[in-house]
Amino acid sequence: MSSLPNNPELRLNDVGGTVVRRNLFGSPTPRTFAAAAAAPQRTGGKKTHPGKAILAGGIAGGIEICITFPTEYVKTQLQLDERAAKPLYRGPIHCVKLTVRDHGVRGLYRGLSPLLYGSIPKSAVRFGANEYLKTKWRDSHNGALSKTGSLVCGLGAGVSEAILAVTPMETIKVKFINDQTSANPRYRGFFHGLREIIKTQGLRGTYQGLSATIMKQGSNQAIRFFVMDSLREWYRGGDPNKYINPLITACFGGIAGAASVFGNTPLDVVKTRMQGLDAHKYKNTWDCIVKIWKYEGAKAFYKGTLPRLSRVCLDVALVFVIYDEVVKILNKAWPTE
């Protein structure tokens, strides 16, 4: 048995290795060393009220997509280019040149409206679900959020946004962009396109590629929130109140975005194929994977990686910076515990 400091107030309980400190009034205050050592490591910084997270996330998503949409357009065009017997585009820059030549600069924003309409609820659901799940995790783990908890909560946020916002939004967006390359474009705008899709394919037509989207968004947000929380915790050195400069937040966001791109671009390619106008040639997500591998090879799973990398890094960096700044404003205007 190890010896204790020469302090008459300290006693060692023979059962459980618990140190009992008696105060001036003689009442014991036990603390188990094993419990302290097993306490989960906290990550993710200070708590944010889920309501604030929903509002701040929606605002951040709307601003971000208006800035970065052209890169999303180019990425989608390159992924859909496999339709032609002879590929139309030689790369991202060539895609931009041809689009501007044939449709003007506005052509790079074709399909923005459904993405804009969807980005606001998507980001709202993402950040709101993540903060809600973090709160629940902390409540059930003595107020701490472990690395595993950060990963699981990010996964839950991604699955939530996939079901509630991303799948219908992405399906309509991909169909709009795909429609532009047709000889006779059918869709005249967001609501006309939405009406035509539902008319010909039913509501189910807006949920093509649901399983692939759930896998993509779930892995996306699991990676992003895990990396972001880990980098923030490392920078703060255990002090949740330490200020992080927006430029540092942007750098961390860019790293988190890059990690998610290299981690799940194959799922993004499959999702895009399952939502395009030629989705009928795939029986299901697995059949799509098999056919891409069989007829196009492994490299096809990384089509559009470069434009997606530039877009996602900028996207995640902007969203986290805008989100944090909006939360700061809301904390002043909307005080919560």
How far apart are the closest heavy atoms of [X] and [Y], and which atoms are they?
X      : Y      : answer
Ala53  : Glu131 : CB-CG, 3.5 Å
Gly254 : Ala317 : N-CB, 4.0 Å
Met274 : Ala279 : O-CB, 3.1 Å
Leu306 : Pro92  : CD2-CG, 4.5 Å
Leu151 : Ala222 : CD1-O, 3.4 Å
Leu116 : Cys66  : CD1-SG, 3.9 Å

Under 3.5 Å: donor-acceptor pair, side chain of [X], backbone of [Y]:
X      : Y      : value
Tyr132 : Gly51  : no
Lys52  : Trp334 : yes
Thr167 : Ala162 : yes
Asn245 : Leu247 : yes
Asp179 : Tyr187 : yes
Lys242 : Tyr235 : yes
Asn130 : Ala157 : no
Thr265 : Phe262 : no
Ser123 : Ile120 : no
Ser230 : Phe226 : yes

Give a yes or no on this: more than 12 heavy atoms of other residues, nucleotides or ligands lie within 6.0 Å of atom [atom1] of [X].
X      : atom1 : answer
Lys328 : NZ    : yes
Phe69  : CZ    : yes
Ile93  : CD1   : no
Tyr243 : OH    : yes

Between Leu78 and Lys303, is the side chain to side chain contact (heavy atoms under 4.5 Å, CB included) condition met? List the steps.
CA-CA 7 Å; Leu78 291 175; Lys303 276 191 175 182; 5.7 Å; no
_Out of the candidates Thr213, Ile214, Asn220, only one should pair with Lys216 under the side chain to side chain contact (heavy atoms under 4.5 Å, CB included) rule; please name it._
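Testing Lys216 for a side chain to side chain contact (heavy atoms under 4.5 Å, CB included) against Thr213, Ile214, Asn220 leaves exactly one candidate, Asn220.
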Is [Y] reachable from [X] through a run of I, L, V, M, F, W or Y residues, each pair having side-chain heavy atoms under 4.5 Å apart?
X      : Y      : value
Ile244 : Val327 : yes
Phe320 : Leu309 : yes
Leu108 : Ile67  : no
Tyr207 : Met215 : no
Ile223 : Leu231 : yes

> Got a salt bridge between Lys175 and Glu196, using NZ or NE/NH1/NH2 to carboxylate O under 4.0 Å?
Replying inline: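 Answer for the salt bridge query: no.
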Value rounded to 0.5 Å, distance of [atom1] in [X] from [atom2] in [Y]:
X      : Y      : atom1 : atom2 : result
Lys122 : Ser160 : NZ    : OG    : 14.0 Å
Thr135 : His49  : OG1   : NE2   : 8.5 Å
Ile322 : Ile59  : CD1   : CD1   : 10.0 Å
Asp268 : Phe301 : CG    : CZ    : 12.5 Å
Leu210 : Arg204 : CG    : CZ    : 10.5 Å
Arg126 : Ser119 : CZ    : OG    : 8.5 Å

Can you check whether [X] reaches [Y] side chain to side chain, under 4.5 Å on heavy atoms?
X      : Y      : result
Leu55  : Val326 : no
Tyr73  : Thr99  : yes
Trp137 : Ser146 : yes
Arg224 : Val312 : yes
Arg232 : Thr249 : yes
Leu145 : His141 : no

Give the ring-plane orientation class for Tyr323 versus Phe127, where under 30° counts as parallel, over 60° as perpendicular and anything between as tilted.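 Parallel: the ring planes of Tyr323 and Phe127 meet at under 30°.
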TODO: Show your working on side chain to side chain contact (heavy atoms under 4.5 Å, CB included) between Arg110 and Arg106 and close with a plain yes or no.
DONE: CA-CA 7 Å; Arg110 182 68 184 268; Arg106 292 181 61 184; over 6 Å; no
### Query
How far apart are the C-alpha atoms of Ile63 and Leu318, what are their side-chain angles, what is the distance that settles it, and do they pass the side chain to side chain contact (heavy atoms under 4.5 Å, CB included) test?
CA-CA 9 Å; Ile63 295 174; Leu318 284 173; over 6 Å; no
(message) Let's go through Tyr282 and Val270 carefully: what are the C-alpha distance in whole Å and the side-chain angles of both, what is the deciding distance for side chain to side chain contact (heavy atoms under 4.5 Å, CB included) to 0.1 Å, and is it a yes or a no?
(response) CA-CA 10 Å; Tyr282 304 119; Val270 173; over 6 Å; no
Margin query: Test of understanding: with side chain to side chain donor-acceptor pair (under 3.5 Å), list the residues that count as partners of Lys291, not counting sequence neighbours.
Written below: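 In terms of side chain to side chain donor-acceptor pair (under 3.5 Å), with neighbours along the sequence ignored, Lys291 is linked to Asp287.
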Q) Hey, are Thr68 and Glu64 close enough side-chain-wise for a donor-acceptor pair under 3.5 Å? A)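 Present: a donor and an acceptor within the cut-off.
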